[in-house]
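Working notes, structure below.
Protein chains get the first letters and strands the later ones, always in sequence-line order, with residue 1 at the start of each.
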2 protein chains.
Amino acid sequence: MDVFEAVAEPNRRHLLSLLAERDRTAGELVDSLPTLTQPAVSRHLRVLREVGLVEVRPDGQRRIYALKPDGLQRIDDWITPYRRFWRNHLDALQQHLENR
Amino acid sequence: MDVFEAVAEPNRRHLLSLLAERDRTAGELVDSLPTLTQPAVSRHLRVLREVGLVEVRPDGQRRIYALKPDGLQRIDDWITPYRRFWRNHLDALQQHLENR
DNA sequence: ACGCCATATACACTTGTGCTTATATACGCC
DNA sequence: GGCGTATATAAGCACAAGTGTATATGGCGT
């Protein structure tokens, strides 16, 4: 599984948004997704780990998850060449509005 | 299927990159993905259409596909809040290098 | 009208993903 | 050591995604 497939899953995006606020233990993350069971969340965290989007550090019997900056940058790099398209589009729209 | 799942597929990302260069007919796109059959490419194009990443205009019996700017912007909007993470990370690295 | 070319859809099949239940691992505390 | 807690893995299942073959649709040229 690669980074793109990893973020294609809504629950995983939710986990990322939670970790963007602050680091959290696996247990906290499980509690934050009440529609899923503990093993389901654990598997999602494993995926996020394997694609390098999060990292874990042990804290006694807890595991503290943290966002890893590098992973999403690969998506950002991919999207960069496309960005000019909607930039151009917006510019054209703006000019149209100004000129009428 | 949503935008994230749409771009999670490598062949679809390939199609998008081809359309970023210039508009192309369905046939040209089929020829550009020699590992896939014509119906397979057609299905991928359908997905890209349905999530608003591309648009089609008829040209006789051909269909000309073009990139649609709005679609990818939704992913860009999503990634924006995370961007500061690797910005901060890079800044810290840069400072570290400058101060040594 | 007929046949050809370009594209889309139907159907069947395979594989992968996400899920739940059950179980293993491992740490902390008594 | 034994027990409860925190987390990960295993096994099995349902469903969706991707693909190929076969077929339909529809415009074009003669």
Checklist line | Interatomic distance where CD belongs to A:Glu9 and P belongs to C:dG16 [whole Å] | finding: 18 Å
Notebook entry, point to check: Between which nucleotides of DNA chain D, read 5' to 3', does contact with chain A run, using atoms under 4.0 Å from its heavy atoms?
Noted result: D:dG4 to D:dT9
Next item on the list: Round to the nearest Å and state the distance from A:Phe4 atom CZ to C:dT17 atom P.
Entry: 16 Å
Margin query: Can you tell whether the side chains of B:Arg22 and B:Glu28 come within less than 4.0 Å, N to carboxylate O?
Written below: yes
Checklist line | Separation of B:Leu53 CG from B:Leu45 CG (nearest 0.5 Å) | finding: 11.5 Å
Note to self: Without decimals, in angstroms, what is the distance between B:Arg62 CZ and C:dC4 C1'?
What the structure shows: 13 Å
Check: Does C:dA6 have OP1 or OP2 sitting under 4.0 Å from an N or O in the side chain of B:Tyr65?
Finding: no
Notebook entry, point to check: Are B:Asp76 and B:Arg83 within salt-bridge range, i.e. N to O under 4.0 Å?
Noted result: yes
Notebook entry, point to check: How close or far is atom P of C:dG18 from atom CG of A:Asn11, stated in whole angstroms?
Noted result: 9 Å
Checklist line | Residue pair A:Ala66 / A:Arg57: nearest heavy atoms and the distance that separates them | finding: CB-NH1, 4.2 Å
Checklist line | Atom-pair distance (CD1 on B:Ile64; C1' on C:dA6), nearest Å | finding: 12 Å
Margin query: Rounding to an integer number of Å, can you tell me how far A:Glu5 CD sits from C:dG16 P?
Written below: 11 Å
Next item on the list: Going 5' to 3' through nucleotides 20-30 of chain C, assign each nucleotide B (protein heavy atom under 4.0 Å from a base atom), S (under 4.0 Å only from sugar-phosphate atoms) or - (no protein heavy atom that close).
Entry: BBB----BS--
Next item on the list: Treat each ILVMFWY residue as a node, draw an edge where side-chain heavy atoms are under 4.5 Å apart, and state whether A:Leu48 and B:Ile79 are in one component.
Entry: yes
Margin query: Is the distance between the ring centroids of A:Trp86 and A:Tyr82 under 6.0 Å?
Written below: no
Next item on the list: Following the transitive rule for hydrophobic clusters with a side-chain heavy-atom cut-off under 4.5 Å over Ile, Leu, Val, Met, Phe, Trp and Tyr, establish whether A:Val51 and B:Phe85 coincide in one cluster.
Entry: yes
Checklist line | Nearest-Å distance for atom pair CZ/P, residues B:Arg57 and C:dA6 | finding: 18 Å
Check: Out of curiosity, A:Gln38 CD to A:Leu33 CG, how far, rounded to the nearest 0.5 Å?
Finding: 12.5 Å
Next item on the list: Between B:Glu28 and A:Val47, name the one whose nearest nucleotide on DNA chain C is closer to the 5' end.
Entry: B:Glu28
Check: Would B:Arg13 and A:Asp2 pass as an ion pair if we require N to O under 4.0 Å?
Finding: yes
